[in-house]
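What follows is a set of notes on a single structure, which appears directly below.
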Amino acid sequence: MENGLNNKQVKTKNVALVLRYALTLENPTRAELATRTGLTKMTISNLVTDLIEKGILAESKQQALGKTGRPTCTIALSPDAPKVICLLLDPYSISVALYSLRGEASFSHGYSRGQDTDLDGLLSSALDDAFRTCVNSKVLAVSVVNSLESSED
């Protein structure tokens, strides 16, 4: 038997939809988000306001060239939005990167692993560098891709 969605599930789905368009369109307005998502302007206003208050989105007022009247408010990813730390572990190296929700890397570093290198120490250094880089940022997730199974260790 298939169940319907409750209010929390509907809101979660709508937030994800708004974020997807806010991150993929270039400087969309609330009206454009409403048109693209099919949500009402009031729903968009409530969701965008909530995402701005959480520091995920930011709003800027831009005056269209050659036009008078009220400036258009556009939506963009906030510079203070949460980041994602990604680790790639393989038999010969460890790579660590810090990504925005748009997939833009703000930090990336590779650590080579020699035959006598202590894997735990190398991993500790990589994580330490990643966390030091984002000490003043919110971290949404840490992603680890492990391909060490093929290692001879």
Side-chain angles (χ1 to χ4, degrees), residues 1-90 93-111 119-149:
M1 179 167 74
E2 189 173 340
N3 293 327
L5 300 175
N6 64 33
N7 286 342
K8 185 174 182 181
Q9 292 168 320
V10 170
K11 183 175 181 181
T12 299
K13 185 174 180 174
N14 288 343
V15 166
L17 186 62
V18 168
L19 275 175
R20 181 173 17 150
Y21 282 108
L23 295 176
T24 57
L25 297 174
E26 190 169 332
N27 300 317
T29 62
R30 290 178 188 228
E32 186 176 2
L33 290 175
T35 300
R36 295 285 183 126
T37 62
L39 298 171
T40 66
K41 289 181 182 181
M42 180 59 77
T43 299
I44 290 294
S45 182
N46 291 337
L47 294 175
V48 168
T49 298
D50 189 43
L51 290 167
I52 289 170
E53 288 173 358
K54 290 180 178 174
I56 297 171
L57 295 180
E59 199 168 44
S60 66
K61 295 182 192 276
Q62 297 179 340
Q63 184 68 42
L65 292 177
K67 298 207 175 179
T68 59
R70 199 164 91 180
T72 302
C73 292
T74 59
I75 309 297
L77 183 65
S78 170
D80 300 326
K83 309 287 190 264
V84 176
I85 296 174
C86 299
L87 289 167
L88 174 61
L89 311 176
D90 71 38
S93 65
I94 294 176
S95 298
V96 62
L98 183 65
Y99 288 96
S100 74
L101 295 179
R102 281 190 187 269
E104 300 158 336
S106 59
F107 169 80
S108 179
H109 192 73
Y111 303 82
L119 180 61
D120 290 338
L122 195 60
L123 183 56
S124 178
S125 292
L127 284 170
D128 187 52
D129 285 350
F131 283 111
R132 283 180 193 273
T133 301
C134 64
V135 73
N136 293 322
S137 301
K138 297 175 199 166
V139 175
L140 181 65
V142 177
S143 173
V144 178
V145 177
N146 183 359
S147 62
L148 290 175
E149 289 80 24

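Scanning for salt bridge (charged side-chain N to carboxylate O under 4.0 Å, His left out) contacts around K138 gives an empty result, with sequence neighbours left out. In this view, S108 and A97 satisfy the side-chain contact (heavy atoms from CB on, under 4.5 Å) rule, not counting sequence neighbours. Residues that satisfy the salt bridge (charged side-chain N to carboxylate O under 4.0 Å, His left out) test with D50, not counting sequence neighbours, are K11, K54.
Distance check, rounded to the nearest 0.5 Å: CG of L25 to CD of E32 gives 5.0 Å. Atom-to-atom distance recorded for L89:CG and L123:CG is 6.0 Å, nearest 0.5 angstrom. For the atom pair OG of S143 and CD1 of I85, the computed distance is 10.5 Å after rounding to the nearest 0.5 Å. Distance CG/D128 to CZ/R132: 4.0 Å, rounded to 0.5 Å. Distance check: L101 CG to L57 CG gives 9.0 Å after rounding to the nearest 0.5 Å. We find the CG-CD1 distance between L39 and I44 to be 4.5 Å, quoted to the nearest 0.5 Å.
The side chain to side chain contact (heavy atoms under 4.5 Å, CB included) test with P28 is passed by exactly one of V18, L23, T74, L33: L33. A side chain to side chain contact (heavy atoms under 4.5 Å, CB included) with V48 holds for exactly one of L51, N46, I52; it is I52.
Ring pair H109/F107 is parallel by interplanar angle, where below 30° counts as parallel and above 60° as perpendicular.
Between K83 and S100, the shortest heavy-atom distance links the atoms CD-CA, 4.2 Å. In terms of heavy atoms, L77 sits closest to I56 at CD1-O, 3.3 Å.
Side chains of T37 and T43 form no contact here, defined as non-hydrogen atoms less than 4.5 Å apart. No side-chain heavy atom of C73 sits less than 4.5 Å from a side-chain heavy atom of T29. Between Y21 and I75, every side-chain heavy-atom pair lies at or beyond the 4.5 Å cut-off.
Between the side chain of S45 and the backbone N or O of K41, no donor-acceptor pair lies under 3.5 Å.
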